[in-house]
Amino acid sequence: MAFKFVALLALIAAASAGVVLPAAQVYHAAPAQVATYAAPAPAVLKTVAHPVLARSDEEYDPHPQYKYAYDVQDSLSGDSKSQVEERDGDVVRGEYSLIDSDGFKRTVQYTADPINGFNAVVNREPLVKTVVKTVAPVATYAVPAYHH
């Protein structure tokens, strides 16, 4: 009985998917006649010119400087990353670290300046220390013989 029920449901699913009974082809025909009409006059739109906001020379900083840092240590998800960066004129220095998916901590120290461009030094170190387990000896004892 269960086989008949499953077979009926499979047939209904196949029919609704168009496997057993192909769906009717739908064609869209172009209209036979195109009606023409006179469009109303276009509406007149007034445009208002807005002043263009441009930075003045007073806002330009010829020697930009900044420092920032962040640190994320999430024990729930295991996310651990940090970054420190500072800029002094055209020279940028920084460092960031994160935990890669293979269990290594990647630390990148970088500098950027107009003469040398961008340079980075990447270090990777394993987070998981190798643990050597010692196995306690198994106690053995003699089983007395069973006699009838």
Side-chain angles (χ1 to χ4, degrees), residues 1-31 34 39-146:
M1 181 67 183
F3 177 74
K4 291 179 185 178
F5 182 69
V6 171
L8 178 65
L9 286 178
L11 182 63
I12 291 172
S16 66
V19 175
V20 177
L21 303 172
Q25 296 291 328
V26 178
Y27 296 99
H28 297 285
V34 176
V44 177
L45 299 175
K46 292 185 180 182
T47 58
V48 178
H50 295 285
V52 176
L53 301 177
R55 298 182 96 179
S56 67
D57 291 335
E58 298 169 340
E59 294 181 25
Y60 174 73
D61 185 2
H63 192 79
Q65 296 177 331
Y66 66 81
K67 292 182 181 183
Y68 78 88
Y70 69 84
D71 186 31
V72 175
Q73 302 299 325
D74 186 2
S75 60
L76 183 64
S77 68
D79 192 13
S80 174
K81 55 189 163 193
S82 63
Q83 182 174 5
V84 176
E85 183 175 293
E86 67 177 272
R87 178 178 180 176
D88 186 18
D90 291 335
V91 178
V92 178
R93 290 182 195 87
E95 177 179 317
Y96 67 89
S97 66
L98 58 109
I99 307 300
D100 285 330
S101 61
D102 60 358
F104 280 75
K105 180 179 181 181
R106 180 180 4 151
T107 303
V108 179
Q109 297 170 332
Y110 60 91
T111 60
D113 60 50
I115 296 170
N116 300 312
F118 180 81
N119 293 294
V121 176
V122 180
N123 295 310
R124 295 188 65 201
E125 59 187 53
L127 285 180
V128 179
K129 305 278 189 224
T130 305
V131 178
V132 177
K133 293 184 178 180
T134 58
V135 178
V138 177
T140 58
Y141 63 95
V143 178
Y146 180 71

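Values below: all heavy atoms of this structure, side chains included; hydrogens, waters and symmetry mates excluded. Just so you know, residue 1 is the first one in the sequence shown, and it goes up from there. Just so it is clear, the structure is predicted and the values come from calculations on it, not from any experiment.
Here the straight-line distance linking atom CG of L127 with atom CZ of F104 works out to 8.5 Å at 0.5 Å rounding. With values rounded to the nearest 0.5 angstrom, E85 atom CD is found 5.5 Å from Q83 atom CD. Taken from NZ in K67 to CG in D88, the straight-line distance is 8.5 Å, to the nearest 0.5 Å. Once rounded to the nearest 0.5 Å, the distance linking CD of Q109 with CZ of R93 reads 12.5 Å.
For D100, the side-chain contact (heavy atoms from CB on, under 4.5 Å) partners two or more places apart in sequence, or in a different chain, are L98, D102, R106, R124. Legend: residues meeting side chain to side chain donor-acceptor pair (under 3.5 Å) with S77, ordered by chain and number and at least two apart, are D74.
Using modelled atom types and a 3.5 Å distance limit, the side chains of N123 and E125 yield no donor-acceptor pair.
Remark: the backbone N or O of N116 is paired with a side-chain donor or acceptor of D113 at under 3.5 angstrom.
Within 6.0 Å of CZ on R87 lie more than 12 heavy atoms contributed by other residues, nucleotides or ligands.
In this structure, Q65 and G89 approach most closely via the heavy-atom pair CG-N, 4.4 Å. Annotation for Y110 and V84: closest pair OH-O, 4.1 Å, computed over non-hydrogen atoms.
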